[in-house]
Amino acid sequence: MHDNEAVVELRGITVEFPGVRALDGVDLTLRRGEVHALMGENGAGKSTLIKALTGVYTPTSGRVVVAGSPVAFTGPADAQASGVSTVYQEVNLAPNLTVAENIMLGNEPRRFGAIDVRAMRRRAAELLARLDVHVDPASSLGAHSLAVQQLVAICRALVVDCKVLVLDEPTSSLDAGEVEKLFTVMRTLRDDGVAILFVSHFLEQIYAISDRMTILRNGRLVGEYRTADLPRRELVHLMIGSSFEDLEKLGDAPRREQAAADGAEPLFQAVALGRKGSIRPFDLDVHAGEVVGLAGLLGSGRTELSRLLTGTDRADAGKVLLDGRPVRLATPRAALRRKIAYSSEDRKAEGLVGDLTVRENIVLALQADRGWLRRLPARTVDEIVDRYIAALDIRPANPAALVRNLSGGNQQKVLLARWLATAPRLLVLDEPTRGIDVGAKAEIQRLVAQLAADGMAVVFVSAELEEVLRLSHRVAVLRDRVKVGELVNSDDVHLGDVVDLIASGEAS
Amino acid sequence: MTRVQAIVRHRLFWPVVALVALLVANTIKNPTFVTLRVLDGHLFGAIINLLRQGAPLLLVSLGMTLVIATRGIDLSVGAVVAIAGAVGLASVAGAPDPGSLGAVLTAFVLALAVCVLAGMWNGFLVSVLGIQPIIATLVLMTAGRGIAMLITDGQITTVTSAPYKAIGSGFWLGLPIPVLLAAAVMAAVALLTRRTALGLLVESVGINPEASRIAGVGSRAIVWTVYVVCALFAGLAGLMVSADTMAADANNAGLFIELDAILAVVIGGTSLAGGKFSLSGTLVGVLVITTLTVTVGMMSISPSVTPLFKAVVVIAVCLAQSPAVRERLAARRRRAASTAAAAAEVAA
Amino acid sequence: SSGAKAGDTGDAAGGSDGDLISIGFAQVGAESGWRTANTKSIKDTLTKENGFDLKFSDAQQKQENQIQAIRSYIAQGVDVIAFSPVVESGWDAVLQEAKAANIPVILTDRAVDTDDDSLYVSFIGSDFVEEGKRAGEWVSENLGTEPINVVELQGTTGAAPTIDRKKGFEEATKGNSNITVIDSQTGNFTRAEGKQVMESFLQAHDDIDLVFAHNDDMGLGALEAIEAAGKVPGKDIKIVTIDGVKDGMTALSEGKFNYIVECNPLLGPDLADIAKKVVAGETVEKRIVTKDEAFDQEGAKAALPDRQY
Amino acid sequence: MGALAGVRPRAVRSFRLDRRYLPVLGTLVVLVLMLAVGGGRYDGFVSGRVISNLFLNNAHLVVLAVGMTFVILTGGIDLSVGAVVALSGIVAAVSFQAGLPAAVVIPLVVLVGSVIGLLVGVMVHVFGVQPFVASLAAMFLARGLCYVLAPESVPIRDESFVALSSWSVQFGDGWRVTSAVVIALVTLAVAVWVLQRTRFGRTVYAIGGGEQSARLMGLPVARTTVLVYVVSGTCAGIGGLLFAMYSRSGYSLTGVGMELDAIAAVVIGGTLLTGGTGFVAGSLLGVLVLGLIQTIITFEGTLSSWWTRIVIGALVLVFVVLQRGLMGRRTT
Ligand SMILES: Nc1ncnc2c1ncn2[C@@H]1O[C@H](COP(=O)(O)OP(=O)(O)OP(=O)(O)O)[C@@H](O)[C@H]1O
Ligand SMILES: Nc1ncnc2c1ncn2[C@@H]1O[C@H](COP(=O)(O)OP(=O)(O)OP(=O)(O)O)[C@@H](O)[C@H]1O
Ligand SMILES: [Mg+2]
Ligand SMILES: [Mg+2]
């Protein structure tokens with residue numbers, strides 16, 4: 001642990017948006033050769049601080065010092081030119097271009113003024129290999145899952161030799177293997193003297209990688225600490241302001257024994273359901289009051305499976321039975337009418353309607369289901385919205401705020417509120433805890449358990465296997481877009497068993 | 001923020017300023033501009049005239065607002081205006097007694113029905129076949145005038161029919177019927193979009209179609225409906241236009257009205273990228289454009305300069321309205337303040 | 001010309017028609033009732049029975065479409081090309097191509113502006129300056145005995161009829177100091193715009209005595225505007241126009257117009273005549289002015305029953 | 001955790017890549033189909049002369065469509081091009097009338113387009129005016145200037161200009177290439193190169209993929225957006241020059257609605273109006289489709305004015321529907 005010289009100093013940064021003071025006099029010091037974690041709850045101001053550093057937002061007051069001299073970056077391009085590379089929260093790439101282009105755009109190798117496509121692909125492939133991502137650099141980015149896109153965004157930041165690397169929740173859609181690889185790269189960079197600013201809601205990751213951390217709460221600085229000196233419970237306490245014991249109680253959500261008796265009819269049955277080029281036909285039963293987890297590697301087809309269950313993609317094989325009767329789920333609308341809801345993993349593109357308010361986003365599905373003629377009375381809307389804002393602790397608790405302006409985690413909560421408001425019988429949650437802070441994550445887990453206890457059927461997808469195991473009664477395992485097996489969860493099923501199943505493809 | 005600042009910051013502040021400036025200019029040029037007189041119990045005057053001239057444009061723009069809110073665009077409204085006039089007048093001309101109310105009502109219903117068909121056609125191409133709106137409606141924009149000419153056999157159909165003429169230049173309760181009709185339609189649309197959930201669903205489809213689909217919004221039905229409504233309003237406008245001169249001019253009726261309508265919608269603050277829409281903004285936009293046209297005539301400005309004049313007003317309004325300009329100014333102020341503070345700190 | 005290959009297209013009915021004269025006609029568009037009548041006259045005259053194989057195209061008021069059509073006629077090897085140019089200038093290149101292909105060109109209705117008049121064999125059409133002049137003369141003689149204020153509704157800016165009719169009217173009235181043109185704006189040859197412009201004229205001036213409109217349609221629009229303003233057209237405000245389409249003649253006979261100078265759209269027979277002569281190798285006159293009449297209210301009543309358009 | 005390592009390579013990726021070219025291929029297939037049908041129906045339809053004419057008559061439109069492609073790829077639109085064609089034509093005619101030499105007039109004419117493009121670009125980017133409105137304003141501006149300069153059509157008689165415009169190479173049976181066609185094809189080639197092989201070009205695509213993302217990627221969004229309109233304006237200037245060569249005159253009513261033709265050509269060529277996907281080559285095909293439709297109409301030779309319009313509309317429809325069918329349904 002070396003107390004090197006400061007590369008970036010932020011002093012007294014205040015950022016205001018119309019009606020919101022997102023940051024209030026925050027300081028941050030980033031030193032050469034350290035990994036510095038930026039901690040805080042959803043909406044604490046982490047992303048805003050990063051954007052203030054890189055010139056996306058202009059601070060109302062405060063100053064930014066990079067390498068000893070005060071700067072006011074005009075934007076990411078400017079920041080990058082001064083050696084500050086950033087991966088922003090939410091993937092910000094061009095889905096219409098190839099993977100290689102997304103990595104190299106702006107830094108392409110050129111010959112006689114023209115981009116040297118071959119060299120560009122080669123260089124991109126090298127960077128991808130560094131993170132052990134095996135995708136064709138010539139394929140178009142939009143065809144890849146969010147995880148791959150996230151990795152590509154990281155590659156992009158590594159293209160130039162940077163003095164400062166800023167990573168805003170790069171791991172939220174990665175699984176453990178990817179995270180490990182990212183950490184290896186980060187350590188190498190750190191040892192080369194790069195200063196890394198890192199945001200994550202996974203405490204284990206923070207303790208595994210960071211040397212020092214800065215904690216924010218409600219847009220204010222709580223303090224700067226050495227990671228080694230700060231026990232977890234202390235950290236959580238500083239972040240949230242409440243004690244760790246309260247949290248642990250939440251986190252230890254009751255895991256019920258097998259809910260549905262074996263003889264009971266499943267609420268929902270997928271029989272040989274499949275779609276060419278997407279996922280091979282599979283069977284899946286979900287009982288009322290049951291949480292079925294989906295486990296698998298990135299790209300194993302969990303999302304594809306979820307989409308077929310909910311009519312989001314149209315199946316070209318097999319059938320779906322609801323209460324034992326065959327139903328056709330041709331569109332999400334048809335599914336919703338039968339009280340089947342799907343919360344997509346890509347909340348920016350497929351979840352939220354950014355320019356609508358929190359209120360409108362929450363009631364959207366409910367209203368769509370009622371039809372346009374039967375408008376929800378304003379009072380009902382207020383009731384619903386207030387209830388969910390309180391229940392999920394959405395911040396700011398302002399129903400009239402544009403969802404676009406909410407922090408990532410709070411956006412996720414709004415999305416969740418939308419589906420809960422429709423009171424579904426089957427709720428398919430694809431990565432519902434992505435980008436959510438510890439407190440809220442525990443809250444959501446507790447909520448899922450509670451919903452199941454109240455009789456809802458839940459399909460739960462998460463890149464975090466522990467979470468899946470903790471919550472589900474049964475776990476379906478996927479590999480290479482094939483459902484390879486199913487595990488009935490109990491206290492003596494361990495993480496290793498699932499990993500083995502994923503690796504071997506044989507049920508234990 | 002003071003009250004004055006709040007008003008200045010309002011989205012419609014600059015369009016309204018432009019409107020008022022135009023009205024004032026007209027009044028200075030010819031003081032009778034603002035006078036209203038009552039003749040045979042009907043209100044007359046330049047302002048009334050202006051409203052009457054703006055009525056068809058308002059109708060078309062209202063439909064266009066909804067279409068644009070879903071991220072679409074309808075280039076065919078001009079052609080639909082022509083078709084409505086052609087069908088309406090041809091039907092009245094073919095009736096045994098063109099002057100009878102029955103014949104006229106039949107003609108109106110027939111014309112509007114044809115327009116609904118036209119709207120269904122556009123909606124089908126856009127929402128079912130998934131053709132880009134600009135091209136989908138370009139088809140009817142091109143073919144529509146041909147269809148109108150086919151109906152009128154290439155002639156300018158003329159008829160005398162008092163009840164028909166009323167929709168263009170009649171009066172009711174002292175006010176021109178087109179103005180009343182347009183106001184009624186505007187009120188209906190406002191009610192329909194803001195008192196039902198239609199507005200919310202339309203906006204949601206316009207902002208993020210895929211997210212809306214997954215949220216169970218019947219995007220297809222909504223997009224389709226919106227095109228039908230747009231064509232229906234254009235049809236109504238077409239009846240007014242044809243009744244105004246009692247002639248169905250397939251070539252020139254509603255020529256370039258789509259551009260004016262889009263302009264009105266945009267001046268009113270609705271983004272062509274879809275999403276949030278503002279009906280009152282559209283109204284202001286329509287008034288600005290109509291007043292502009294009238295002003296050019298009033299000022300006896302040589303026809304040569306008309307487009308220049310239009311360009312200047314449009315640019316002026318858009319620049320003044322531009323959020324970028326204000327933000328830039330605000331940012332400059334902020335930056336100046338922060339560097340001053342920094343300097344003070346260094347000095348200290 | 002080589003009659004043998006004369007474009008027997010797939011749809012040409014009935015076997016060999018080598019003895020028919022194939023003629024390509026590139027029309028401006030169908031922008032007015034006048035034009036429709038003009039098209040009808042041409043289509044009705046240049047029929048198979050009369051010995052023609054007509055290829056007709058509508059340029060929709062676009063010069064490029066018209067040039068394309070003429071090029072296509074050259075490619076198809078027609079015997080004669082005829083067209084009404086959308087604009088005056090810009091025809092040299094394509095007419096040279098026609099000349100190089102030995103295809104004679106006949107202009108109808110409107111002239112082209114070129115230094116080389118060997119590019120076309122004949123021009124059939126009205127004399128627009130003369131039309132304006134006749135209107136002006138009538139006004140000067142019948143109404144110009146006391147001071148009158150005139151407003152002018154111009155046609156499309158820059159179009160030949162607009163320029164010429166304005167010029168003719170000015171020439172004929174400039175000697176009469178009683179006549180003042182107080183305003184002049186374009187109404188684009190359409191009824192709706194004619195009405196709109198007239199409304200603003202009425203708003204801006206309260207002393208208008210006469211409207212001179214470059215065509216009937218604008219005159220009819222002005223008529224509506226005058227009536228809507230509570231005045232009597234033909235009496236309070238007099239209306240003089242050019243064209244003589246049926247609606248105009250009707251208004252004239254009803255006393256709502258005061259004078260119409262005809263612009264004859266029935267160019268078909270003249271065109272057929274010239275085309276036959278050209279193909280037969282006879283020399284034809286370079287300029288053929290169509291016979292235009294002029295009508296006052298009495299004349300209109302007499303002529304109206306047998307108007308074809 | 002070792003067992004979990006590795007993102008698996010995805011299956012069937014190469015197929016997806018091809019999909020980007022599908023719309024262009026679709027356009028090509030339908031174009032060939034139409035040629036075949038036309039050839040079967042009319043004598044001398046598929047001949048060197050007719051195909052040469054197709055290029056000759058539409059050279060200006062090709063250049064306009066090329067410029068428009070840049071704009072549409074960023075998700076914008078440029079309605080001013082038709083008016084700019086008229087304006088630069090008039091500027092050419094008026095300056096020749098004033099006795100300026102071709103060597104001065106030609107660059108001047110193109111510059112007129114660039115300046116108007118710059119104006120639109122600045123309005124769009126710096127002032128955040130929507131492209132539709134900014135370019136509409138520029139359209140009014142250009143039209144207004146046209147009337148101010150010369151309301152009537154002005155012939156061009158400058159000898160070197162006439163020589164340039166009538167330069168052509170004949171070969172084979174009726175095949176012909178004129179200077180205008182050469183200029184158009186060179187513009188096209190340069191555009192292809194710029195879009196596919198330069199940073200500017202790729203940034204254009206990236207902006208179309210998402211402006212906010214492009215900005216966060218650190219790309220020069222501001223400069224590129226402005227430049228794109230300058231490119232379109234310049235192309236309109238060149239288009240105006242070509243049209244002046246084509247008609248050897250300048251006229252204020254030229255090119256009314258030509259912007260719609262250009263937009264239609266671009267869209268028919270497979271470019272999405274939302275930006276980000278499309279190719280210049282597709283726009284060339286789009287122009288040829290429109291030209292072919294016009295050719296079919298003249299060859300048909302018996303259509304009345306109204307049927308002409310209806311048939312054009314119907315053919316455009318048939319075209320896009322066929323193309324859509326070939327591309328298959330996309331899940332939006
Ligand atoms: N453009 C904006 N306009 C208005 N408010 C904004 C805007 N951007 C952010 N905010 C507000 O600023 C606060 C801080 O948001 P920020 O995105 O920095 O949080 P975060 O710490 O990154 O949270 P998360 O962990 O959920 O990503 C939030 O209350 C958010 O609603
Ligand atoms: N070949 C493909 N065709 C179409 N879409 C694809 C393809 N491959 C991936 N996708 C998209 O990528 C997304 C993620 O799919 P993936 O197979 O990674 O699911 P997953 O197992 O849930 O993985 P992740 O954890 O990344 O979500 C899906 O939404 C899907 O639309
Ligand atoms: Mg964040
Ligand atoms: Mg997934």
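Owing to the predicted nature of the structure, the values given are computational and were not obtained by experimental measurement. We name chains A, B, ... by the order of the sequence lines, and we start the count at 1 in each one.
If you measure heavy-atom distances from B:Ser271 to chain D, the contacts under 4.5 Å come from both the backbone and the side chain. Residue B:Leu125 touches chain D through its side chain alone, counting heavy-atom pairs closer than 4.5 Å. Heavy-atom distances place both the backbone and the side chain of B:Asp153 under 4.5 Å from chain D. Using a 4.5 Å cut-off between heavy atoms, D:Leu315 makes no contact with chain B at all. At a 4.5 Å heavy-atom cutoff, the contact between B:Ile73 and chain D is made by side-chain atoms alone. Interface residue B:Val139: backbone and side-chain heavy atoms are both found under 4.5 Å from chain D. The part of D:Leu136 that comes within reach of chain B is its side chain, from C-beta onward, which places non-hydrogen atoms under 4.5 angstrom from that chain. Neither the backbone nor the side chain of B:Ile267 has a heavy atom closer than 4.5 Å to any heavy atom of chain D. Residue contact with chain B, scored on non-hydrogen atoms closer than 4.5 Å, is absent for D:Val122. Heavy-atom distances place the backbone of D:Thr271, and not its side chain, under 4.5 Å from chain B. Contact annotation for B:Ile135: only side-chain heavy atoms (C-beta onward) come within less than 4.5 Å of a heavy atom of chain D. Contact of B:Leu272 with chain D is made through backbone and side chain together, with heavy-atom distances under 4.5 Å.
Interatomic distance, B:Ile262 CD1 to D:Leu79 CG, rounded to the nearest 0.5 Å: 8.0 Å. For the atom pair B:Met141 CE and D:Leu260 CG, the distance stands at 5.0 Å (nearest 0.5 Å). To the nearest 0.5 Å, atoms CD (B:Gln132) and CD1 (D:Ile72) are separated by 8.5 Å.
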From CA spacing to verdict: side chain to side chain contact (heavy atoms under 4.5 Å, CB included), D:Phe140, B:Leu259: CA-CA 11 Å; D:Phe140 287 141; B:Leu259 286 186; 5.8 Å; no

Assess whether side chain to side chain contact (heavy atoms under 4.5 Å, CB included) is satisfied between B:Trp121 and D:Leu317, documenting all intermediate values. CA-CA 12 Å; B:Trp121 165 257; D:Leu317 176 74; 3.3 Å; yes

Report the C-alpha distance between B:Ile134 and D:Ile77 in whole Å, list the side-chain angles of each, state the deciding distance to 0.1 Å, and finish with yes or no for side chain to side chain contact (heavy atoms under 4.5 Å, CB included). CA-CA 11 Å; B:Ile134 214 168; D:Ile77 201 153; 3.9 Å; yes

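Taking both residues in full, the closest heavy atoms of B:Leu308 and D:Leu145 are given as CG-N, 4.1 Å, listed atom of the first, atom of the second, then distance. Minimum interatomic distance between D:Arg309 and B:Thr142 (heavy atoms only, all atoms of both residues): CB-O, 3.4 Å. When all heavy atoms of D:Trp306 and B:Gly154 are compared, the pair lying nearest together is CZ3-CA, 3.4 Å. Considering every non-hydrogen atom in both D:Gln130 and B:Thr270, the closest pair reads NE2-O, 3.7 Å.
Among D:Val316, D:Val129, D:Val311, the residue making the largest number of heavy-atom pairs under 4.5 Å with chain B is D:Val129. The greatest number of non-hydrogen atom pairs below 4.5 Å with chain D, out of B:Gly146, B:Ala250, B:Pro133, is found for B:Gly146. Among D:Val267, D:Val320, D:Ile310, the residue making the largest number of heavy-atom pairs under 4.5 Å with chain B is D:Ile310.
Residues D:Phe132 and B:Val265 fail the side-chain proximity criterion, which asks for heavy atoms closer than 4.5 Å.
Considering only residues two or more places apart in sequence or on other chains, B:Ile315 meets the side chain to side chain contact (heavy atoms under 4.5 Å, CB included) condition with B:Leu319, D:Met123, D:Ala137.
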